[in-house]
Amino acid sequence: MPVLEVQSIKKSFGAVEVLKNIGFSLEKGQSLAVIGSSGSGKTTLLRCLNFLERPDGGRILVNGKTVFDAAAVKSQSEAQIRQNRLHFGLVFQNFNLFPQYTALQNVTLAQELLARSQPDYQRSKKAILEEIRTRAQGLLASVGLSNRMDNYPHQLSGGQQQRVAIARALALQPDILCFDEPTSALDPELTGEVLGVIRSLAERDTTMVIVTHEMAFARDVSDCIIFMDDGRIVEQGTPDQVINHPQMERTKAFLSRF
Amino acid sequence: MPVLEVQSIKKSFGAVEVLKNIGFSLEKGQSLAVIGSSGSGKTTLLRCLNFLERPDGGRILVNGKTVFDAAAVKSQSEAQIRQNRLHFGLVFQNFNLFPQYTALQNVTLAQELLARSQPDYQRSKKAILEEIRTRAQGLLASVGLSNRMDNYPHQLSGGQQQRVAIARALALQPDILCFDEPTSALDPELTGEVLGVIRSLAERDTTMVIVTHEMAFARDVSDCIIFMDDGRIVEQGTPDQVINHPQMERTKAFLSRF
Amino acid sequence: MNAATVIFQRLSESFWLNCKLFGLTLLFSVPLGFVVAFGSMSRFKPLAWLTRTFVWAIRGTPLMLQVIIIYFAPGLLFEMTPWGSGSSGRLVACTIAFVINYACYFSEIYRGGIEAVPRGQYEAGKVLGLTKSQIFFRVTLLQLVKGILPPMGNEIITLIKDTALARIISNKEIIMMAQEYASKGLIWPLFSTAIYFLVFVGGLTLLFGWIEKKMDYFRV
Amino acid sequence: MNAATVIFQRLSESFWLNCKLFGLTLLFSVPLGFVVAFGSMSRFKPLAWLTRTFVWAIRGTPLMLQVIIIYFAPGLLFEMTPWGSGSSGRLVACTIAFVINYACYFSEIYRGGIEAVPRGQYEAGKVLGLTKSQIFFRVTLLQLVKGILPPMGNEIITLIKDTALARIISNKEIIMMAQEYASKGLIWPLFSTAIYFLVFVGGLTLLFGWIEKKMDYFRV
Amino acid sequence: MAFSLAACGSAPVEADSVPSSQPEASQPVSSEEPGSEPAESDLAYVKGNGKMIIGYTTYEPMNYTDASGEFTGFDTELAKAVCEKLGVEPEFVEINWETKEVELNAKSIDCIWNGLTINDERRATMELTDPYVLNAQVVVMKSGAEYDGTASLVGKTVCAEAGSAGETTIAGDEGLAQADYISKDVQTACLMEVAAGTCDAAVLDLTLANAMIGEGTDYAGLAIMERLAVEDYGVAFRKGSDICAAVNGVFDELTADGTLGALAEKYNLDLAQ
Ligand SMILES: Nc1ncnc2c1ncn2[C@@H]1O[C@H](COP(=O)(O)OP(=O)(O)OP(=O)(O)O)[C@@H](O)[C@H]1O
Ligand SMILES: Nc1ncnc2c1ncn2[C@@H]1O[C@H](COP(=O)(O)OP(=O)(O)OP(=O)(O)O)[C@@H](O)[C@H]1O
Ligand SMILES: [Mg+2]
Ligand SMILES: [Mg+2]
């Protein structure tokens, strides 16, 4: 059973149809790269998965369970959405770290707040917080920031900030981790370290959806590539199929630019 | 006779001696590249040549005429300094175009103001302004901006702005044109066009002093290279001598970084 | 007790009225400003328009006029005053006028501050499963406060100087008190009032400088 | 001519005093502000310190106090008044207090504006052989003006509202005139004064919006 | 000396007279509009509050703060004595003279007790007690100033308190009406204007002038030039108020026991005839 199944998602902004019947599925432990020209709807797709936009049609299933159904959207409560959202993690293009918290606090904040609703929170508060903290430290170490945990975002380089953002998203143990052009806001020298972290996540079989313009990286790291154009999936397949032997004219035209 | 002769220039800021006995000369039509690590005094040297800083000691001669003498500095009037300054042109690191003027106006402004002191200005005002304008258009065309003359600086890319700045400096027909890291404020994709313009100036035998970190460019374009360190000229010679066969340890250490 | 001591004592007493007006105005207008700001940003358009028009009118007319109208209009229009009698009523009326006026000014500052917090901060909070109130209190509030601190500081410094307007409806604030002496030909109490204001303003300046420094550990 | 017409006529006449005070204050304080700004940036330290202290004291005390002191202090201290008797002297004294006060506020805006023009602009002018005055008028002035336009707009809008303070030394400005009717039990003239201010402020807002738009063709 | 019986009913009203019945004492002789009487006894209202709010402006010798910081004055002391007799606490509130009627009607004060000159205009809008102190409107100028009747002030600047009897006097005088008129919010401010030279003359109460200007005062350089109109002071209540009659009654008592006379002597005032 695929961990993520997207079924004919549609999304319009006003009169503009930005996503036209998007459907795909993703197996556990695989990573999916989404490529396509600017304005083709890649960001919007990720935002739909993360409930930042509400699709006008279609369904989203995680582990076979429906987490979104456009037909039944009214019956979803705010709390339910919040719950379903936790299946997904999202790493933003421009990091969106919380500036008033240290790297470590950025990673622990959401977990600490979630832990409050645990039944035994009051009793074993200290132990719970300690555990959250230890796990966060482990995560930061795994993205190579053991010595930067107590720095505030503005004291970190762009690449370091993006790595904190990745650790923050991982902390909630999402089933699917999404990246929206994670290196496009970085200086060329700093992209390497972030791509390295994502590559190591792929090697440890993290399920990921990665929107990227780094074609070489997409080919390297992904198990499957989707090429989007004008709100549609034009071509999908293994990196070799899509990048080395594209079938559609549009894909060829797009790839020729690189 | 060298067009520029710099004799034992000294400059301190407070207790810090930034330039320690700098001397060199430059023949007409040649270009001199100044390289050196950060803080070695390259910018300060250019600023001294352009009278933006007043050296504490030493002399500067242009075409054999003394334009600055630290010993006689008191007797220089404001107007004289302004006059001598016109031997030099300076292209700044961050362009410093005048934002309220179009590209063309940026190039013509100084000439128009200078023309006012011409004896026949009132009589032939129209012709003079027309001539200034035509020359400026020619200069902008020569830096590849014929179709951008009426744009304001904020409507131009960094590379285009820097080319306007070069045209502006050329308009006053300086004997020596100075560049202070003309591409370091530019995105890598935009440096090429500016370096191309400078290269074509070198080919047309413009006398230039170029502070740069672009080692390949310095080797290509210059007739002579000075390597500065800690306010001193450590090594000077042809590009081949300084870059390919440096004599001094410091120079070797510096070049090894590239 | 000599005359100068008495005068300083009376000046200090009357400056206490300025301080009370200052404190009460802050106490109420700082939170009320949020209500007004949210009103003016409401997605229910008529409410947003109404609030903005109100804010515009308040910001476009002298505070002095508002004080006079709030104090006299009820009495003149309905032959009864809600302010009660005596000097406490005057202070109440004056405070209400000040609170409304400053809430409107603050609301504009808040609005600017709220709009200046990047959308990405809200979205990052949402994606991490935080509730709306957690996002407000844990994520955006502090950034908001840091952003509005400088204009708030200016406005609050203006407030202490504006308290002198209380005299318009015969609240005996410090300048009015000093002028009582001036009408007896004694001018120095008038000059002394400047000291009270300068000390207060100086204190506020230091306070805001200190808070801004405190918040310097992060950068939005 | 009915009563309402008469009242509106008298209100308009008294608002003319507000307008005169507004115009005169601007006329003198806008240039004087530059003098103060250059004083406070002077390389001759004692002058800079003195100017800054003066600006600080003026900005730290209520304009109302300054108006009262300027009007009465000479007469009470030296038994002679430079303002003469009669109402024109009152306007003169009031204008002087306003000019000093606003020049200090403007000077701080100018100072910020001057410091905000990048050094590179002056240096680029120098390197091109321009004289100091050419650099000021041809290069930096317009950038300066563009930079200070928003805070100047705010301050000037505050000025028209501040003109109501003229009544403190019995200049019969519009609110004082309206209050004369209020004390006879007629409240609507008081409300009408709001219209005068709102129209004036609205006009200024449009004007500044227009100028800012005009200057939008370049970006500093 | 006796109070005029013409002003108010002289019989003091029982404090707890039935409020629903028309209090007989509140039918002032001068009242042209009986319809404006309050439906309820004003006295009962004040007694219910337990205090009487007295509006005043700082005005030596009537209500002022002396050098030791003590709030005192003829009217201050008299009002305290009267309130004690009425069984209420006095509360003194400084007001803007110009808006005194508004304050009274809005019930933000209960009476104006501050050397208020009795005239017909005020009788029409307020309930006034019998006269208790004599006064005159006087022209005050700098001692050496040239003065030859009010005609010599034509074209000069005169000031008076806004809404005061002095203002009425100026408006009614042929010479003064042609002067540049400036209104101030307290009488003492008028003295300051003259002393500061920002006004040529002020028209204000004799009682105040007697207390505040001339030899041995803060305003040694000022002098009274002319008395323009002799007049009486009274206390003003809301139109139709029954407190007025009660206070008249207390005045009679205080006159009888000599309190009033002693106070007048202390503050160098003449009691009303
Ligand atoms: N909130 C919105 N309101 C209106 N239109 C929107 C909104 N968000 C996106 N769009 C439009 O939807 C289209 C797809 O946008 P999207 O950001 O998903 O593209 P993208 O593939 O991520 O492009 P890029 O590579 O530039 O990031 C664009 O035409 C965009 O203008
Ligand atoms: N106005 C100044 N006041 C004080 N110190 C200065 C000033 N300008 C430069 N310096 C100091 O002089 C030294 C040389 O500076 P300069 O800018 O000339 O170096 P540079 O070789 O141009 O370096 P970079 O490659 O970083 O541009 C530095 O130590 C610098 O800090
Ligand atoms: Mg995108
Ligand atoms: Mg440099």
Side-chain angles (χ1 to χ4, degrees), chain C residues 18 53 56-69 71-79 101 151 154 157-158 160-169 173-176 178-179 181-188 190-205, chain D residues 18 53 56-69 71-79 101 151 154 157-158 160-169 173-176 178-179 181-188 190-205:
Chain C
N18 298 66
T53 310
W56 173 78
I58 293 289
R59 284 166 46 101
T61 50
L63 175 52
M64 181 194 283
L65 179 61
Q66 294 156 23
V67 170
I68 295 173
I69 286 183
Y71 188 60
F72 288 115
L76 287 177
L77 290 176
F78 314 117
E79 300 264 317
N101 184 279
N154 287 341
I157 285 172
T158 305
I160 184 63
K161 292 183 283 167
D162 271 352
T163 58
L165 283 175
R167 67 173 295 171
I168 291 295
I169 54 171
E173 52 76 49
I174 188 166
I175 298 182
M176 186 172 175
Q179 224 183 337
Y181 286 102
S183 0
K184 291 183 194 167
L186 207 58
I187 189 82
W188 67 259
L190 207 47
F191 282 98
S192 318
T193 60
I195 299 168
Y196 287 83
F197 285 102
L198 286 177
V199 168
F200 205 112
V201 166
L204 284 176
T205 310
Chain D
N18 300 64
T53 310
W56 173 79
I58 293 289
R59 284 166 47 102
T61 49
L63 175 52
M64 182 194 283
L65 180 61
Q66 293 156 23
V67 170
I68 295 173
I69 286 183
Y71 190 58
F72 289 115
L76 291 177
L77 288 177
F78 314 116
E79 300 265 316
N101 184 279
N154 288 341
I157 285 172
T158 304
I160 184 64
K161 293 183 282 166
D162 271 352
T163 58
L165 283 175
R167 67 175 296 173
I168 291 295
I169 54 170
E173 53 76 49
I174 188 167
I175 298 182
M176 187 171 176
Q179 221 182 336
Y181 287 101
S183 55
K184 291 182 194 162
L186 206 59
I187 188 82
W188 68 258
L190 208 45
F191 282 98
S192 317
T193 60
I195 299 167
Y196 287 83
F197 284 101
L198 287 176
V199 168
F200 206 112
V201 167
L204 284 177
T205 311

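Proteins come first, then strands; the chains are lettered A, B, ... in the order of their sequence lines, and each starts at number 1. Values in this document were obtained by computation on a predicted structure and should not be read as measured data.
- Within the 4.5 angstrom heavy-atom criterion, no atom of Leu63(C) approaches chain D.
- Nearest heavy atom pair, residue Gly60(D) against residue Phe197(C), reads O-CB, 3.6 Å.
- Of the two parts of Leu77(D), only the side chain, counted from C-beta on, holds a non-hydrogen atom closer than 4.5 Å to a non-hydrogen atom of chain C.
- With a 4.5 Å cut-off on non-hydrogen atoms, Leu76(D) touches chain C through its side chain but not through its backbone.
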* Would you sort out whether Arg59(D) and Val201(C) count as a side-chain contact (heavy atoms from CB on, under 4.5 Å), showing the intermediate values? => CA-CA 9 Å; Arg59(D) 284 166 47 102; Val201(C) 166; over 6 Å; no
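- Of the two parts of Ile175(C), only the side chain, counted from C-beta on, holds a non-hydrogen atom closer than 4.5 Å to a non-hydrogen atom of chain D.
- By the 4.5 Å heavy-atom criterion applied to side chains, Met64(D) and Leu165(C) are counted as neighbours.
- Remark: Thr193(C) engages no residue in a side chain to side chain donor-acceptor pair (under 3.5 Å) (not counting sequence neighbours).
- Between chain D and the residues Ile195(C), Ile168(C), Thr205(C), the largest count of heavy-atom pairs under 4.5 Å involves Ile168(C).
- Looking at Gln179(C), only its side chain comes within 4.5 Å of chain D, counting heavy atoms on both sides.
- Closest of all the heavy-atom pairs between Leu65(C) and Leu190(D) is CD1-O, 3.6 Å.
- Residue contact with chain D, scored on non-hydrogen atoms closer than 4.5 Å, involves the backbone and the side chain of Trp56(C) alike.
- Looking at Phe191(C), both its backbone and its side chain come within 4.5 Å of chain D, counting heavy atoms on both sides.
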